[in-house]
Amino acid sequence: MIACCIFDLDGVVVDTARYHYLAWAELARSLGFEFTPEQGEATRGVSRMASLDIVLRAGGMQGRFSAEERERLAARKNARYLEYVSRMTADEVLPGVVRFLGELRARGVKVVLGSASKNAGTILDRCALRPLFDAVVDGTLVTRAKPDPEIFVRGAELAGVRPADCVVFEDAAAGIEAAARAGMRSVGVGGSPTLAAATMRLRSFEGFAFEMLAAGVEPRS
Ligand code: B16
Ligand code: MG
């Protein structure tokens, strides 16, 4: 039975990865090196401080900064990121998402957000998505990042649903692993080859319906 669907935010509901990338690339440039889009892929689904480590490693600058300096660098990136987020609109919600979330709720399936981002609430409000969710678990509520299952376990608790009755939608391999460790099924969204371990795979929510999820039918694309 499927009683609850838990959605990652970046890469599943909205494409904020490009804003994360732009903000990290600007920070890298200010430190004197280029951070390429390919290198940016490794920050997908990864926490803010772990992403900073990826950026600094790409510039050969790991170990150069104190804990305080690292906090300041991350805060600078986040301020820039929030400038991009403040210009987001509901048009940036990925295709088919709003319809699918509405379909779930009409069937009495709980809809929960499970994102590593500390800015998830701001993004939901910018994109007028908050009323579509029964519960929100974000980076401000958990201490352990994916692939730890904490985010999803907390989401199931808030929804009052057993992990075995939850399905997680994720675009990052760490999130698919977190779902498995939480005892949940998973849907890998977006077509990355790193999502092979997911229970099923989906390119986009366009044309995707609850019956297909319940039957485990992957859309042809
Ligand atoms: P913040 P998700 C993740 O969102 C992003 O994919 C990742 O790039 C980012 O570093 C992380 O959130 C933390 O975000 O700096 O806003 O707290 O995919 O878990 O929704
Ligand atoms: Mg994601």
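Counting from 1, the numbers follow the sequence of the chain as shown. All ligand and atom numbering here is 1-based and tracks the order in the structure. Atom set for the values below is all heavy atoms of this structure, side chains included, hydrogens, waters and symmetry mates excluded.
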Between R29 and E34, does any side-chain N to carboxylate O distance fall below 4.0 Å?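 Judged by the 4.0 Å cut-off on N to carboxylate O distance, R29 and E34 do form a salt bridge.
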Does this structure show an ion pair linking E92 with R126, if we count only N-O contacts that are shorter than 4.0 Å? no
Between the Mg ion (ligand 2) and [X], which N, O or S atom of the residue is the nearest one?
X	result
D171	OD1
D10	O
D8	OD2

Residue [X] vicinity, atoms of ligand 1 by number, heavy atom under 4.0 Å:
X	answer
G45	5 (C), 6 (O), 7 (C), 8 (O), 18 (O)
S115	2 (P), 4 (O), 19 (O), 20 (O)
K118	1 (P), 16 (O), 17 (O)
L9	20 (O)
S51	10 (O)
K146	19 (O)

On a heavy-atom basis, which atom in [X] and which in [Y] lie closest, and how many Å separate them?
X	Y	answer
V112	A159	CG2-CB, 3.9 Å
A164	R185	O-NH2, 3.0 Å
V161	C166	CG1-SG, 3.7 Å

Taking distance alone, with N or O pairs closer than 3.5 Å, would you say N119 contacts ligand 1?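 Such a contact does occur with ligand 1.
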Protein residue, atom and distance nearest to [atom], heavy-atom basis:
atom	result
atom 15 (O) of ligand 1	R48 NE, 2.7 Å
atom 8 (O) of ligand 1	T43 O, 2.9 Å
atom 2 (P) of ligand 1	D8 OD1, 3.0 Å
atom 19 (O) of ligand 1	A116 N, 2.8 Å
atom 5 (C) of ligand 1	D10 OD2, 3.3 Å

Please determine whether the number of non-hydrogen atoms from other residues, nucleotides or ligands lying under 6.0 Å from atom CD of E211 exceeds 12. yes
May I ask which of S117, A145, A42 has a heavy atom nearer to atom 16 (O) of ligand 1 than the others do? S117
Is there a donor-acceptor contact under 3.5 Å from the side chain of E170 to the main chain of V189?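 Side chain of E170 to backbone of V189, a donor-acceptor pair under 3.5 Å: no, none is there.
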Within the 4.0 Å heavy-atom cut-off, what V46 brings close to ligand 1 is backbone
Does A17 reach ligand 1, in the sense of a heavy atom lying below 4.0 Å from it? no
What class does the angle between the rings of F7 and F205 fall in, given that below 30° is parallel, 30 to 60° is tilted and above 60° is perpendicular? tilted
Examine R154 relative to F152 and say whether NZ or CZ is less than 6.0 Å from the centre of the six-membered ring and inside a 45° cone about the ring axis.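 R154 over F152 ring: no.
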Linking I/L/V/M/F/W/Y whenever their side-chain heavy atoms sit closer than 4.5 Å, directly or via other members, would V98 and V136 fall into one cluster? yes
Answer with yes or no whether the hydrophobic clustering places L9 together with L141; edges join I, L, V, M, F, W, Y residues whose side-chain heavy atoms lie under 4.5 Å apart.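 In one cluster: no.
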